[in-house]
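Every value quoted in this text rests on a predicted model; they were computed, and no experiment measured them. Both counts, for ligands and for their atoms, begin at 1 and track the order of listing. Along the sequence shown, residues are numbered consecutively beginning with 1.
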Amino acid sequence: MHISFRQIQIFQAVAQTENFTRAAELLHMTQPAISMQVKQLEDNVGLSLFERQGKRIVMTAAGKAMHAYGCELLAQYQGMVETLKELKNVHQGYIKVSAATTSIYFITRMLASFSKMHEGITVSLDITNRKALVEQLQHYEADLVVMGEPPSNLDLHSQRLMCNPLVLIAPADHPLAGKKEIPIADIAGEKFVVREPGSGTRAAIERFFAEYGHTFSSTLEMSSNESIKYSVIAGLGLGIVSLHSIKLELETRSLAVLDVQGFPIQRYWHIVTRDGKWLSPAAQAFKEYVIAEAAAYAQDYQQLLL
Ligand code: PGA
């Protein structure tokens, strides 16, 4: 069975786009050339890799198996190219970082100070929710991922960075603001403004209420912590957000943290790499920088709860 590396690259482009024309555009080839290469690959393998469903093409079981290996092979190839490039010039590099929506409150600051020290290194930062981060890890897409809980079903290396306490927030003039040790039953009737399904924060909130035998009713679901904070200030309901997202609002006293039984919900930030994904010297330097900085940030945030 002969499979060339070029055929794997072409197959991966078709698998990712599920469209011969778009794959051709991506690879700067013609659509017939792509179709011919895929046909030849299928002949070599002796299996169909795609099937037509109306106007769409979808991967067969053999196509899906090849795609999973293809992701890993291309990641290794990319690693090899980056290493060779960096051996030419160790002061340059490109790092692909993906981070949980809620981590922007610290990761952007870390990135700014790192970039000042390493001007030749370009960092691409993708901010997205937990569900999307897990998919990226699955497909070896990011060099480094900053997230809450790492998924347990993938081969990863993860290192804990710092605490990520989730606090219950209310408008500053809420009747429970300033009260101590509020029983959880006292907030059972309140409406909540919460993150979207797929968010790590949302999953933690659901686990928390299930543990206490309560359910929560939400007025609104939002994919941004900023929108949640503004909605809580406007009186749409209570919110549960990372302490890291409300530093400014606590300083300006526009929000109150309620001292409710079981809160803060204790969580942690991690920096995660996928096993088998090569880490460039630039990515390694950024990882070490984030780990070293996290300790100082943790202390800074802890002051907010005092
Ligand atoms: P989120 O992730 O921004 O998807 O909620 C943060 C987390 O997992 O704590």
Side-chain angles (χ1 to χ4, degrees), residues 96-111 124-139 141-154 156-169 192-211 216 218-232 236-250 255 257 260 262-274 287 290-291 293-295 297-298 300-302 304-305:
K96 207 162 173 295
V97 180
S98 292
T101 317
T102 311
S103 70
I104 54 162
Y105 301 94
F106 65 90
I107 199 70
T108 43
R109 284 159 64 200
M110 291 180 180
L111 196 51
S124 128
L125 178 63
D126 183 25
I127 298 288
T128 185
N129 73 14
R130 175 188 161 76
K131 183 166 179 268
L133 292 175
V134 172
E135 278 164 18
Q136 292 193 11
L137 281 169
Q138 219 161 6
H139 295 116
E141 282 170 17
D143 296 319
L144 297 167
V145 172
V146 175
M147 67 193 306
E149 250 157 79
S152 54
N153 61 338
L154 294 175
L156 307 166
H157 181 268
S158 88
Q159 176 144 355
R160 194 181 269 193
L161 291 175
M162 60 176 151
C163 287
N164 173 23
L166 299 188
V167 291
L168 206 154
I169 53 169
F192 283 83
V193 187
V194 288
R195 284 285 303 277
E196 78 288 5
S199 137
T201 309
R202 169 69 177 263
I205 295 171
E206 286 177 357
R207 277 200 302 273
F208 174 83
F209 278 100
E211 218 170 274
F216 68 93
S218 66
T219 48
L220 277 172
E221 282 181 356
M222 297 183 179
S223 58
S224 127
N225 292 303
E226 290 301 302
S227 316
I228 292 178
K229 289 188 295 185
Y230 284 112
S231 304
V232 170
L236 272 173
L238 302 181
I240 299 171
V241 293
S242 166
L243 177 66
H244 299 165
S245 69
I246 54 167
K247 193 168 189 281
L248 282 180
E249 286 74 12
L250 292 183
L255 277 174
V257 170
V260 173
F263 283 90
I265 303 173
Q266 278 308 343
R267 307 195 65 223
Y268 295 91
W269 289 114
H270 293 84
I271 189 156
V272 182
T273 49
R274 180 80 208 261
K287 181 179 172 189
V290 170
I291 292 168
E293 285 292 288
Y297 275 66
D300 194 25
Y301 284 119
Q302 221 42 44
L304 289 174
L305 277 184

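Taken from NE2 in His244 to CE in Met162, the straight-line distance is 5.0 Å, to the nearest 0.5 Å.
Of all protein heavy atoms, the one lying nearest to atom 2 (O) of ligand 1 is Ala100 CB, 3.5 Å. When hydrogens are left out, the protein atom nearest atom 5 (O) of ligand 1 is Thr201 OG1, 2.6 Å; that is the closest non-hydrogen contact. Ranking protein heavy atoms by distance to atom 1 (P) of ligand 1, first place goes to Gly200 N, 3.5 Å. Given atom 3 (O) of ligand 1, the protein heavy atom at minimum distance is Thr102 OG1, 2.8 Å.
Shown in contact with Asn129 at under 4.0 Å from a heavy atom are these atoms of ligand 1, numbered in order with element: 4 (O). Within the listing of ligand 1, atoms 6 (C) sit less than 4.0 angstrom from a heavy atom of Trp269. For ligand 1, the atoms lying closer than 4.0 Å to a non-hydrogen atom of Arg195 are 1 (P), 3 (O), 4 (O), 5 (O).
Counted within 6.0 Å of OH on Tyr230, heavy atoms from surrounding residues, nucleotides or ligands total 12 or fewer; the atom is thus considered open.
Only side-chain heavy atoms of Asn164 come within less than 4.0 Å of ligand 1; its backbone N, CA, C and O stay farther off.
Judged purely by atom type and a 3.5 angstrom limit, Thr101 uses its side chain to pair as donor or acceptor with the backbone of Thr128. Without hydrogens or angle criteria, Lys229 side chain to Ser245 main chain gives a donor-acceptor distance under 3.5 Å.
Val145 and Leu137 make their closest contact through CG2-CD2, 3.7 Å (heavy atoms, listed as atom of the first residue, atom of the second, distance).
Closest to atom 7 (C) of ligand 1 by heavy atom, among Met147, Arg202, Arg267, Arg130, is Arg267.
A search for side chain to side chain donor-acceptor pair (under 3.5 Å) contacts involving Tyr105 returns Glu226, not counting sequence neighbours.
Between Arg202 and Glu196, none of the side-chain N atoms (NZ, or NE/NH1/NH2) sits under 4.0 Å from a carboxylate O, so this pair counts as no salt bridge.
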